[in-house]
Amino acid sequence: MIRAEGITKYYGAGKNRFPVLKEISLSVEEGDFTVILGASGSGKSTLLNVLSGLERPEGGRICYGETDITAFSDRELTEFRKENVGFIFQQYYLLPNMNVDQNVKMGADLAGNRNYGDIIDAVGLGEKKRQYPSELSGGEQQRVSVARALAKRPRFLFLDEPTGALDEETGRQVLDYIVRLQKEYGFTIVMVTHNLNIAEMAKTVIRMNSGRISDIHTNEIRKTAYEIGW
Amino acid sequence: MVVGIKDAAKLTGISVIMGCAVLICTMFLNYYFDMNLIEDQLASEQEIIMYHAQEATVRVICLVAGGCLLATSVVMLFFYIKHYIDTHKKELGILKAIGYGSWKIAIHFWVFGVSVFLGAAAGFGGAFLLMPWFYALQNKDHFLPEVLLRFHPEVFALLVILPTAAFSALAVCYACIKLKRPVMLLLKENFQVLERKSRKAEGMVRGEKRERTQKTEASFVENLKRSTLRSKKTLVFFIVFASFCFSAMTQMSFSMKDLSSEMMGAMMLLIGLTLACVTLLLAITTVIRGNTRTIAMMQVFGYSQKECSQALLGGYRPVSYIGFALGTIYQYGLLRVMVDVVFRDVEGVPVYEFDVPVMLVSLVTFAIFYEAVMYYYTEKIKGISMKEIMLEG
């Protein structure tokens, strides 16, 4: 379980210092699919970065079970991310000079995962292992980043607008892959999006507005990637 | 304006190398011209032998030191222009897309010649400050009639004006060649990989299949190390050059102490260390800057600072020691030629043997220097965060 208590985060310095997260408290159950929903500038990406240990909050605590990661040193945080966390970003951030196989290996090597080829097959890129990112479509590149994140067998998968740069069909396809893989591997998903429809796929939906949580609700009926609107 | 003076100012490496090249060449060339004026005053055979030996020295030094440094400056200039085009490819692509021709854009690259002018002018000025002492040193035993220091406009034209003009022209021509490619290749991400793809289509990438299979078997860090080395071959050259300079100049400076003078040795040491430091720092900075996104992603995924540094910088370590070995061979060869060929007929030239202790001291110092630079950059890697990469878009 991820537990955030009274998280505050500021950007800027001096007169330009402004709060991005204001006393945020929430919890995410293990194995859950949580969506953080909000408009641009609401602080949702910052919250994701703080929850995942990419950024440090100025105040509050983030606990994974009984472990308070806000007390970790940089080295301990890196080790924590290595052991537990996977990331998928809107811009993919694949390494351009490395092919699909080598990009996925980036994640796989950290977990000593030698069978990462299965994940490449699972995201439907088995035939394109030797291709470079520039030789792939946007959807394929995002599927590589999904495979790269999952090849390290994370317990928690953080996604920042994973379909933001994709067209509808490819977006649905990528979301479908992620949900199917979650069922297979059982990891926890925390996804940031501004797309209300995607929130219908999640179990828990956290709405953010101006650095605060405005609403948390649970979906009784969860839709699949092909049932939601776009 | 596409390229500004600010961009040219970033070419410190070229300025420093040109400065060193012009400093050495000005001292020797000016001395050569002044020495020519006393040719008709030579009376004894000893004077004539000494005169010809010094004439040969000037030729060797100007050709070897000046030539090597000039060639390195040209490589560095090309590297910077290519790097500039790669990092500003979107802006340049937009300019081309709205109708600016390659030549019209490339013409602005003349400003890169400014860095050459700055270095050359500093080297020329520095040489004139050192020359009174240098002239006295060259003729300390009074084997030759007194050689008076004069200003030769042709030396200024040859070593300051000509390189500036030539480098400006080279910069424009090279930029024009580099910009003559489809607009989409400039506008799209992963420019280099796209280029590789089009080369592949033309059947120019040989043996890539075999190479790809080999790469896959290695670990990610190992693959990245190889890919980093391969992606910027010019940087490999610079790192070899930096260690070459360190090795050759430090060892030569100690040998010079016996063969010439302590001051000459100190000057050589200073030039060697300056060239090695500037080149190595610039090369490593370029590696780090060119891979910030990779470093950030590695850190996000949980790779330690040490692993990031090993993947990106580790490949250059063996290369730097190859440079050191080449520098050792070069300095031995050069001094051997000076003693056995150039000063063959001159009496009183000390015996020259390869100095193993000096080589060992130089090697240990180099290892400490290199590892300190690597440690500094490993620490610098810590400062790279995913936040700034995300803000870049």
Side-chain angles (χ1 to χ4, degrees), chain A residues 11 45-46 48-49 52-56 74-75 77-112 116-117 129-136 138 141 145 148-149 151-152 154 158 160-161 165, chain B residues 185 188-198 200-201 205 208-209 211-213 215-232 290-308 311-312 381-383 385-387 389-393:
Chain A
Y11 280 152
S45 288
T46 306
L48 187 93
N49 292 345
S52 60
L54 273 186
E55 286 187 72
R56 288 178 184 281
D74 284 344
R75 189 173 288 188
L77 258 183
T78 305
E79 191 64 24
F80 171 79
R81 288 200 301 269
K82 179 180 168 180
E83 301 288 330
N84 300 290
V85 180
F87 291 93
I88 296 169
F89 299 99
Q90 183 181 352
Q91 300 299 330
Y92 330 130
Y93 299 124
L94 299 178
L95 309 187
N97 289 319
M98 305 203 120
N99 63 30
V100 170
D101 189 274
Q102 290 162 345
N103 264 289
V104 176
K105 205 168 194 178
M106 178 184 181
D109 275 6
L110 286 169
Y116 63 93
K129 280 182 191 174
R130 304 280 171 259
Q131 309 260 33
Y132 286 84
S134 61
E135 299 167 351
L136 303 173
Q141 288 189 51
S145 83
R148 179 180 62 182
K152 73 192 287 262
F158 291 91
D160 192 354
E161 301 271 15
Chain B
L185 279 181
K188 274 219 169 191
E189 273 292 319
N190 308 327
F191 182 40
Q192 287 158 333
V193 186
L194 274 164
E195 276 184 308
R196 179 169 40 206
K197 193 181 167 187
S198 52
K200 189 178 135 195
V205 179
E208 195 164 342
K209 266 191 180 173
E211 191 184 287
R212 284 178 173 195
T213 320
K215 276 197 291 189
T216 307
E217 285 155 11
S219 70
F220 167 75
V221 171
E222 211 43 55
N223 276 332
L224 185 58
K225 199 191 278 184
R226 286 181 207 164
S227 134
T228 310
L229 264 184
R230 246 195 310 264
S231 64
K232 290 239 189 298
N291 288 286
T292 40
R293 192 172 278 197
T294 305
I295 295 165
M297 277 314 288
M298 285 181 77
Q299 289 183 343
V300 163
F301 269 70
Y303 282 91
S304 66
Q305 215 175 303
K306 201 178 157 192
E307 284 167 319
C308 295
L312 293 168
I381 281 175
K382 205 172 18 179
S385 75
M386 194 61 204
K387 192 81 203 165
I389 305 300
M390 287 161 110
L391 287 173
E392 270 176 28

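Proteins come first, then strands; the chains are lettered A, B, ... in the order of their sequence lines, and each starts at number 1. This structure is a prediction, so every number in the text was calculated from the model and none was measured.
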Are A:Asp109 and B:Tyr303 packed together at the side-chain level, in the sense that at least one heavy-atom pair is separated by less than 4.5 angstrom? yes
Matching residue for B:Leu224 among A:Met98, A:Lys105, A:Met106 - test: side-chain contact (heavy atoms from CB on, under 4.5 Å): A:Met98
So how far is it from B:Gln299 CD to A:Leu54 CG, rounded to the nearest 0.5 Å? 10.0 Å
In Å, rounded to the nearest 0.5 Å, how long is the span from CG of A:Asn97 to OG of B:Ser227? 4.5 Å
CG of A:Leu110 to OG of B:Ser219, rounded to nearest 0.5 Å, is 10.5 Å
Quick one: what part of A:Glu55 sits under 4.5 Å from any heavy atom of chain B, side chain, backbone, both or neither? side chain
Do you know the tightest heavy-atom contact between B:Phe301 and A:Phe87? CZ-O, 4.0 Å
Distance-only, no hydrogens or angles: does the B:Asn223 side chain make a donor-acceptor pair with backbone N or O of A:Gln102 under 3.5 Å? no
So what's closer than 4.5 Å to chain B heavy atoms on A:Tyr11: side chain, backbone, both or neither? side chain
Taking B:Arg293 for its side chain and A:Tyr93 for its backbone only, find out whether a donor-acceptor pair lies under 3.5 Å. no
From B:Met298 CE over to A:Leu95 CG, what is the distance, rounded to the nearest 0.5 angstrom? 8.5 Å
Can you see which heavy atom on B:Lys382 is nearest to which on A:Asp74, and at what distance? CD-OD2, 4.5 Å
Please say whether more than 12 non-hydrogen atoms of neighbouring residues, nucleotides or ligands are located less than 6.0 Å from CZ in A:Arg75. no
